[in-house]
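To keep things clear, I will list the structure first and then write my remarks on it.
In what follows, every chain begins at residue 1, and chains take the letters A, B, ... in the order their sequences are listed. Just the heavy atoms: all of them, side chains too, but no hydrogens, waters or symmetry mates, feed the values below.
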Amino acid sequence: MNLWQLVSKEIRFRKISFLLGLICVAVAIASFIGSITLLHAHDVRTEQILIARERSTREEMTQMEDDYRRIMRDLGYNVMVVPAEQSLAALRAQGHPDTYMPYEYVERLGRGHVDTLNHLLPVLQTGVQWPEYSIDIILSGTPGQIPVYHKSRFLTEDGSAYRNPIMKAVPPGQLILGNSIAADLGLHVGDEVALMGRMHTIRQINPAEGTTDDIAVWCDLQTAQELLGLEGTINVILALECVCVPDALGAITQEVQRILPGVQVMEFSSRVKARAQARSRAEQAHVTAMEAEQNHRRQMRLERRLFASILIPVVLAASAIWIFVLMLGNVRERRLEIGILRALGVRESTIIAVFLCKAVLIGLIGSLVGYFLGLAVGALWGGVRLFSGDFLDLIRIPALLTAVLIATVLCAFAGWLPAIHAAQQDPAVVLRDEP
Amino acid sequence: MSVILNISHLSKVYERRGGHAVTALNGVSLKLEAGQFKVVHGSSGSGKTTLLLGAGGLLRPQSGTVAVAGEDLYALSSDARAAFRARNIGYVFQQFHLIPYLSVLENVLAPSLAFSDGQVRQRAEELVVSFGLSSRIDHPPSQLSTGERQRVALARALLHQPRLLLADEPTGNLDETNAAAVIGYLRQFAKDGGAVLLVTHDSSVEADEKYCLADGVLVERSTN
């Protein structure tokens, strides 16, 4: 016969008392672990919500960015780079620059790693009279778009041209007419016309824009340079402001002037800018919503933590008192048995060990039951599905060990006084008084 | 013959509430040698149980000494006295005082909680057999007859082969047959070299020496 046999037999004999002790400890530990798990589950859930929100925002913003990029491309160029000495008043009055810069400027810009601009279109344009028809036009020559070479994602595989340019090159011998000119002269696509003595085929007639573009005649750059006697020059580089810098005239100017010191930069399309600003506001709204969600979750966590900080000590104290009462009841119930054992020569320390062993056993088993009960309740309350990956992540060995330690110490503490009381009972009194 | 129990001038007074004192033992002296079987008679409340508890080291007297096998019990510490009791003294009670959730064998083995050697289980099984309890070995006390319960209590008292057996009204709850059997076991224990002190109100029990305890005073009545 050893201590363990005696304790286990007694537990089996007084199952209800033991079960009540277990329930008491399990509930206390479940409250403790449940509160902690709820906070962990809350954190896990918060992280999930914020990640999902962020992903959704990112996807929406990416979609929006693509949409705006496409819209901006469809709306056309919104930035122009002109020589530094160009008068803005003259530009507005004439509808085209009247100063010039070398063609190689656009090549330098294209190779200069500009981030704020895209779709560079070098143009030589000036107001002239179409002598064959005696009508004023803006003659515009362009070789087509020059790539910003480091933005390879917009370019063809060999990196030499845009996959989707805003404006394609006008082949030599062909013309693109503004809508007003074509209408006034009754010209159509495919008609053969002479321009300053050179024959051209009409390739395209642009839709009406209500701007000076309606009186523009586009040809290839070299032809324009030859016709105007301005070989090797251009007077404007049209470009598209990158959607990544919606309000960045300053940044564009700084970046362009770093490469081309002798130029000035102007924005000329407020519609595009307004849309980009709307996109920026939408992005800001998303950020604000995320912050609001974070604040809400933080507040909820604080409330739950406060609740736990009150609940846990109360439940643990109640549990200790309950164990104490149960153990004291057990001592009274086993008064005669203690007397017999003492008469048989069992030492006081062994009697104490019998009661402490039982109390510790209640603590150990109760804490294990309570841990998993608390884990399940806390997880479910915190919105984590049982046995999911997130649920398994909530199992913390240190928390389990802490729960076992707390419960064991609590029970040993609660069982200590009753155990001492049991050991100090006078066996003579018990044996004399018991019937 | 060696003296197993030597009670000398033992006095015990119970202080009751209200300052009223009851003298249970008044200068009681008694010697018990190995092989002796002595009986103390007395009516209820005469101090028989107090004498037995004092003789077993369970009840410290106001004065006097109790020596078992030459060891002054009350000169020992509580734990040392408990250890000494476990090895040298066996108790048998009128109410048997078996532990209700232990089987017959486990009850017999209960003293091994205090002290155990390698032979204890074998001895317990032998005792169960010798007391005719083989068929009841795994039964709890609630399933035993009163005679069987007392035999279990007797076997438990003998587990550690004590030198002294103290029996408090061991036949009080038994029928004649069972009572005779129990007295027979006690007598046999004494014949085997042990010493038995039995207290009972039954004056028909034969013994080596008979005493009468009345008002805390022990008087020798007759000798066989």
Side-chain angles (χ1 to χ4, degrees), chain A residues 1-19 21 327 329-358 361-362 419-435, chain B residues 12 14 24 45 47-50 52-54 56-61 77-103 105-116 120-121 124 140 142 153 156-157 159-160 162 166 168 173:
Chain A
M1 169 71 54
N2 56 38
L3 194 70
W4 169 241
Q5 284 172 319
L6 188 77
V7 171
S8 63
K9 286 268 180 179
E10 196 273 333
I11 287 171
R12 272 182 272 173
F13 184 67
R14 297 189 178 95
K15 294 186 195 74
I16 301 294
S17 158
F18 187 73
L19 204 62
M327 293 304 290
N330 194 235
V331 169
R332 294 175 72 85
E333 206 173 5
R334 299 170 71 182
R335 191 165 172 262
L336 177 61
E337 179 191 323
I338 296 162
I340 297 165
L341 291 174
R342 295 284 289 133
L344 294 176
V346 174
R347 295 177 183 196
E348 285 183 16
S349 56
T350 307
I351 300 292
I352 291 174
V354 167
F355 283 89
L356 280 187
C357 189
K358 183 177 177 179
L361 211 57
I362 289 174
I420 296 282
H421 176 62
Q424 288 182 343
Q425 284 191 88
D426 188 342
V429 174
V430 175
L431 294 171
R432 202 182 57 228
D433 293 349
E434 288 290 335
Chain B
K12 177 70 185 175
Y14 294 110
K48 299 192 299 294
T49 300
T50 300
L52 221 55
L53 292 172
L58 285 168
L59 187 65
R60 185 179 286 279
S77 68
S78 173
D79 274 350
R81 195 160 60 244
F84 184 85
R85 190 164 53 242
R87 288 166 186 264
N88 296 288
I89 303 170
Y91 263 107
V92 184
F93 308 98
Q94 181 181 0
Q95 299 297 336
F96 327 127
H97 292 333
L98 300 179
I99 297 175
Y101 50 84
L102 298 182
S103 68
L105 182 63
E106 288 162 345
N107 262 292
V108 174
L109 278 167
S112 65
L113 276 169
F115 160 69
S116 182
V120 74
R121 189 176 176 87
S142 60
R156 179 179 67 186
L159 181 72
H160 284 319
L166 301 171
D168 186 1
N173 286 324

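Among B:Thr49, B:Asp168, B:Leu105, B:Leu102, the residue with the largest count of heavy-atom pairs under 4.5 Å with chain A is B:Leu102. The most heavy-atom pairs under 4.5 Å with chain A, out of B:Ala157, B:Ala83, B:Ala114, B:Ala124, come from B:Ala114.
Scanning both residues, B:Asp79 and A:Glu348, for their nearest heavy atoms gives OD1-N, 3.8 Å. Contact between B:Leu58 and A:Arg342 at its shortest, heavy atoms only, is CD2-O, 4.2 Å. The heavy-atom pair separating B:His97 from A:Ile340 by the smallest distance is O-CD1, 2.9 Å. Pairing each heavy atom of B:Ala82 with each of A:Val346, the nearest pair is CB-O, 4.3 Å.
The line from CG of A:Leu344 to CD1 of B:Ile89 is 11.5 Å long, rounded to the nearest 0.5 Å. The distance from the OH atom of B:Tyr101 to the CD1 atom of A:Ile11 is 10.0 Å, given to the nearest 0.5 Å. The CE atom of A:Met1 sits 7.5 Å away from atom CD1 of B:Ile99, with the distance rounded to the nearest 0.5 Å. Going from atom CZ of A:Arg347 over to atom CG of B:Leu113 covers 12.5 Å, rounded to the nearest 0.5 Å. Separation of atoms CG (B:Leu109) and CD (A:Gln5) is listed at 8.0 Å; rounding is to 0.5 Å.
Interface remark: A:Arg14 contributes side-chain atoms only to the contact with chain B (heavy atom separation under 4.5 Å). For B:Tyr14, the part lying under 4.5 angstrom from a heavy atom of chain A is the side chain only. Heavy atoms of B:Ser116 lying under 4.5 Å from chain A are absent altogether. Contacts of A:Leu341 with chain B are made by side-chain atoms alone, with heavy-atom separations under 4.5 Å and no backbone atom involved. Residue B:Arg156 touches chain A through its side chain alone, counting heavy-atom pairs closer than 4.5 Å. Using a 4.5 Å cut-off between heavy atoms, B:Pro140 makes no contact with chain A at all.
Checking side-chain atoms of B:Arg85 against main-chain N and O of A:Ala343 turns up a donor-acceptor pair under 3.5 Å.
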